[in-house]
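Residue indices begin at 1 and follow the sequence shown. Indexing begins at 1, ligand by ligand and atom by atom, following the structure's order.
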Amino acid sequence: ATPYETVLVERKGRTALLTLNRPKALNALNLQVMKEVVGAAEALDRDPEIGCIVLTGSAKAFAAGADIKEMQPQDYVDMYLSDWFTAWDRLGRLRTPTVAAVSGYALGGGCELAMLCDILLAADTAVFGQPEIKLGVIPGIGGSQRLTRAVGKAKAMELCLTGRTMDAGEAERAGLVSRVVPADQLLAEALAVAETVAGMSKPVAMMAKEAVDRAFETTLAEGVRFERRLFHAVFATADQKEGMAAFVDKRPPTFTHR
Ligand code: CO8
């Protein structure tokens, strides 16, 4: 039995599936959802038997944003003292690869939550946007930064200033999502991607994730240096020996995640 009310946790082999479960509020992200999703994800992140984490919502809504009703009465000092939403940052610091499977609305905090994941798969029904400005606020979980890095300034500015949403096709063309799949195949596809990732050497997958993430944090020369150090380091793993031996022997590798 899962100890959480707003997120369901399932394990399928080396893959874990987190399903947001606040259907009446279209998975609006209140503080309870934040605490539970981040708590569940961090517990899975520490588990060596888990190689990839999938995060999904419902068919209608991945998440329709931060909970507007919860935020409405807050004032500046409330928000500042509690450092409102700071725990979401921890989701971006997980070391295990993550996949967001987005169907329906991914608006505001929902779009930001999807962008905190490593691989973003969209159903053809997905709708992305940062409509906060229509409520008199701005993105608060990294949207102005991650959307701009993902789709470039022109589109990010338009979305953040007008609140216009993007459908799945536009999101794919803009580089926000890696692929669009028919809605009824989204979960199966996301789990298949996760199983593929989880079947790789865990330490090597973690290093690949770290290396790609570094591209957003540093200069090209420093990023390449960082990659080169990790590349050299993978030769200390048993899985590099196994992966290359398997290729030479023309057989599938059996990684031990060491
Ligand atoms: N917060 C709270 N409740 C919500 C939210 C939300 N973001 N979205 C939907 N709900 C609730 C509705 O109030 C409604 O509840 P009830 O049945 O009690 O009236 C229920 O979910 C169903 O919603 P609708 O009836 O509106 O469903 P529709 O199918 O008619 O419309 C929409 C779906 C278009 C998604 C619509 O619900 C909508 O526009 N939602 C709000 C989208 C939005 O503006 N999101 C951005 C929120 S702000 C944010 O995410 C970032 C703020 C950053 C703060 C940072 C602080 C540090």
Point to revise | Option nearest atom 23 (O) of ligand 1 (shortest heavy-atom distance, choices Thr86, Thr165, Leu26, Val127) | key: Leu26
Check your understanding: Out of Lys69, Lys24, Lys134, whose heavy atom sits nearest atom 19 (O) of ligand 1?
Key -> Lys69
Exercise for review: Give a yes or no on whether atom 39 (O) of ligand 1 lies under 4.0 Å from any heavy atom of the protein.
Suggested key: no
N/O separation below 3.5 Å, [X] to ligand 1:
X: Lys60; result: yes
X: Ile68; result: yes
X: Ala64; result: yes

Go through ligand 1 atom by atom and flag the ones less than 4.0 Å from a non-hydrogen atom of [X].
X: Phe85; value: 54 (C), 55 (C), 56 (C), 57 (C)
X: Ile138; value: 53 (C)
X: Trp84; value: 56 (C), 57 (C)

Revision key, fill the gap. The closest protein heavy-atom partner of atom 52 (C) of ligand 1 is Glu132 CG, 3.7 Å
Review point. What residue and heavy atom of the protein are closest to atom 4 (C) of ligand 1, and at what distance?
Key: Ala25 O, 3.9 Å
Point to revise | Side chains of Glu36 and Thr6, donor plus acceptor under 3.5 Å | key: yes
Check your understanding: Should the proximity of Leu135 to ligand 1, defined as any heavy atom under 4.0 Å, be assigned to the side chain, the backbone, both, or neither?
Key -> side chain
Review point. Thr56 and Thr19: side chain to side chain donor-acceptor pair (under 3.5 Å), yes or no, with the steps?
Key: CA-CA 5 Å; Thr56 197; Thr19 306; over 6 Å; no
